[in-house]
Amino acid sequence: MTWLWENSQKLGELGTASGFLLTIFVVGLGIWQYFRSIEIDHEASAKALYAEYQVLAFENPEMANPSLSSVDYDALTFDGDRLKFEKYEWFVSYMETMAEEIFALSKQRDWYYTLLEQLRYHQAYFSSAHYEASGYFRNVTPQIGELITQLNPNLRKSLNG
């Protein structure tokens with residue numbers, strides 16, 4: 001008991017230091033959990049966006065995969081229809097916007113290849129003289145621009161210049 005009394009100040013200081021360290025640990029853990037929950041929420045939002053796009057693609061398979069149709073990129077017709085070509089361009093624009101949002105929300109590199117494969121269905125469109133002249137490419141984010149230039153390297157000068 002004497003030892004305890006003689007070392008009570010040191011023990012008190014040790015208890016205070018231990019409490020302080022525990023507090024720092026708990027605060028650090030709380031901060032980590034906060035940022036991790038944001039990351040999980042963003043990834044869930046990215047998955048929801050992609051699922052929404054999948055529903056749209058399911059409902060419009062010829063727009064999602066234009067090789068199922070006859071597309072004339074010079075006459076700007078889709079199965080011989082000018083209005084359907086306009087809808088196709090809006091479909092591609094929606095897909096680009098979805099991809100941009102996914103890249104903004106998620107840091108996972110897995111999305112890069114998933115989105116590249118979806119854009120690859122539209123390689124003929126991105127490589128068409130119409131797309132190159134349209135100016136649409138100037139409106140995409142650098143991440144989407146990087147993917148599209150893999151499909152049409154001629155656009156790289158627009159991306160860098």
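All values below were derived from every heavy atom in this structure, side-chain atoms included, with hydrogens, water molecules and symmetry-related copies excluded.
- At least one donor-acceptor pair under 3.5 Å links the side chain of Ser37 to the backbone N or O of Tyr34.
- Checking side-chain atoms of Glu100 against main-chain N and O of Thr141 turns up a donor-acceptor pair under 3.5 Å.
- Clustering ILVMFWY residues whenever any of their side-chain heavy atoms sit less than 4.5 angstrom apart, transitively, puts Leu115 in the very cluster that holds Tyr113.
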task = Evaluate the side chain to side chain contact (heavy atoms under 4.5 Å, CB included) criterion for residues Leu68 and Asn65: first the C-alpha distance (whole Å), next the side-chain angles of each, then the deciding distance (0.1 Å), finally the verdict.
result = CA-CA 6 Å; Leu68 299 172; Asn65 182 357; 4.0 Å; yes
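- The main-chain N or O of Ser70 is found under 3.5 Å from a side-chain atom of Asp79 such that the two form a donor-acceptor pair.
- Heavy atoms only, all atoms of each residue included: Ala64 and Tyr121 are closest at O-CB, 3.4 Å.
- Inspection of the Trp111 and Glu43 side chains reveals an N or O donor paired with an N or O acceptor under 3.5 Å.
- Atom OG of Ser134 and atom CD of Glu89 lie 7.0 Å apart (nearest 0.5 Å).
- To the nearest 0.5 Å, the span separating OH on Tyr112 from CD on Glu146 amounts to 4.0 Å.
- Judged by distance alone, with hydrogens and angles left aside, the side-chain atoms of Asn60 form a donor-acceptor pair with the main-chain N or O of Leu56 at under 3.5 Å.
- For the atom pair CZ of Arg120 and CD of Gln150, the computed distance is 7.0 Å after rounding to the nearest 0.5 Å.
- Placement of Phe35 and Ile40 in two distinct hydrophobic clusters is found when ILVMFWY residues are connected by side-chain heavy-atom separations under 4.5 Å, directly or transitively.
- The backbone N or O of Gly145 lies less than 3.5 Å from a partner atom in the side chain of Thr149, making a donor-acceptor pair.
- Taken to the nearest 0.5 Å, the CG atom of Leu105 stands 15.5 Å off from the OH atom of Tyr50.
- The aromatic rings of Tyr53 and Tyr94 sit parallel to each other, their planes meeting at less than 30°, with 60° as the upper class boundary.
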inquiry  = What verdict does the side chain to side chain contact (heavy atoms under 4.5 Å, CB included) test give for Thr77 and Val71, after you've listed the backbone C-alpha separation in whole Å, the side-chain angles of each residue and the deciding distance to 0.1 Å?
reply    = CA-CA 6 Å; Thr77 58; Val71 184; over 6 Å; no
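- Taken from CD1 in Ile144 to CE in Met95, the straight-line distance is 9.0 Å, to the nearest 0.5 Å.
- Atom-to-atom distance recorded for Glu101:CD and Glu52:CD is 11.0 Å, nearest 0.5 angstrom.
- Defined by atom type and a distance below 3.5 Å, a donor-acceptor pair is missing between the side-chain atoms of Asn152 and Gln123.
- The aromatic rings of His130 and Tyr136 lie perpendicular to each other, with more than 60° between the two planes, well past the 30° mark.
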query = Is there a side chain to side chain contact (heavy atoms under 4.5 Å, CB included) between Glu86 and Leu76 once you walk through the steps?
reply = CA-CA 8 Å; Glu86 182 72 19; Leu76 307 181; over 6 Å; no
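- Each of Val55 and Phe58 belongs to its own hydrophobic cluster when Ile, Leu, Val, Met, Phe, Trp and Tyr are linked at side-chain heavy-atom distances under 4.5 angstrom.
- Between His122 and Tyr88, the ring-plane angle classifies as tilted under the 30° and 60° cut-offs.
- The two residues Leu155 and Phe137 come nearest to each other via the heavy atoms O-CE2, 3.5 Å.
- Taking the six-membered ring where tryptophan is involved, the planes of Tyr125 and Tyr73 are tilted, since the angle between them lies from 30° to 60°.
- When all heavy atoms are compared, the tightest approach of Glu62 to Ser69 is CB-OG, 3.2 Å.
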key: Criterion side chain to side chain contact (heavy atoms under 4.5 Å, CB included) on Leu83 and Phe78, from CA distance to verdict   = CA-CA 8 Å; Leu83 181 60; Phe78 196 103; over 6 Å; no
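- With contacts defined as side-chain heavy-atom distances shorter than 4.5 Å, the pair Gln143/Leu147 does not qualify.
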